[in-house]
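Here is the naming used below: chain letters follow the sequence lines, and residue numbers restart at 1 for every chain.
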Number of protein chains: 2
Amino acid sequence: MARVVVDVMLKPEILDPQGQAVQRALPRLGFEGISDVRQGKRFELEVDGPVDEAALARIHELAESFLANTVIEDFTVKVEEVAEAAK
Amino acid sequence: MARVVVDVMLKPEILDPQGQAVQRALPRLGFEGISDVRQGKRFELEVDGPVDEAALARIHELAESFLANTVIEDFTVKVEEVAEAAK
């Protein structure tokens, strides 16, 4: 059993109103020195069995087709925790 | 200039309907072997100046007060990219 994390963020050229709202609120709230904020999604997938290349390729496909909208979003797939079974 | 990432996830004991919806849809879509999915938020903050302990403490406070609802959410703060100025 392992945890695979898929991070989905808007592409840099796409406007991010959520992130902008956070960024604009910060000085008002007393936090200076943050020049940009982008907000995205994080998916934590618990994978049964070993996370080998085939499994990662499958998760990549899954992320590309269902978790991210690749027209406007980029995603990254990372193995975060690998338990005994997997390498 | 450095990028600090704040990941905000629902606490493990809090039901995550978004994640469950994704998890339940996967077998239908042809992806087996994923036993759990949790969905959370990822904030990428571009910080001016060095990311020293004081800056990280400030970002921690910011995350705790504004980015996460600590009644139901956990968050982690990670420095992702450090450019020349910072250590």
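- Only the side chain of V22(B) has a heavy atom closer than 4.5 Å to any heavy atom of chain A.
- Note on Q18(A), E32(A), Q23(A): by heavy-atom pairs under 4.5 Å with chain B, the leading option is E32(A).
- The CG atom of L26(A) sits 7.0 Å away from atom CG of L67(B), with the distance rounded to the nearest 0.5 Å.
- Interatomic distance, L29(A) CG to E61(B) CD, rounded to the nearest 0.5 Å: 11.0 Å.
- Cluster membership for V77(A) and V5(B), using ILVMFWY side-chain heavy atoms within less than 4.5 angstrom, is not shared.
- From L45(A), atom CG reaches atom CD of Q39(B) across 10.5 Å, with rounding to the nearest 0.5 Å.
- In terms of hydrophobic clustering, with Ile, Leu, Val, Met, Phe, Trp and Tyr side chains grouped at heavy-atom distances under 4.5 Å, V8(B) and M9(A) are assigned to different clusters.
- The same ILVMFWY cluster, assembled from side-chain heavy atoms under 4.5 Å apart, contains both L10(A) and V71(A).
- Most heavy-atom pairs under 4.5 Å with chain A, from the set F43(B), F31(B), F66(B): that is F31(B).
- In this structure, V37(A) is a member of the same hydrophobic cluster as V51(B), with clusters built from ILVMFWY side-chain heavy atoms closer than 4.5 Å.
- Side chains of L62(A) and I34(B) form a contact here, defined as non-hydrogen atoms less than 4.5 Å apart.
- Within the model, atoms CZ of R42(B) and OG1 of T76(A) stand 6.0 Å from one another, a figure rounded to the nearest 0.5 Å.
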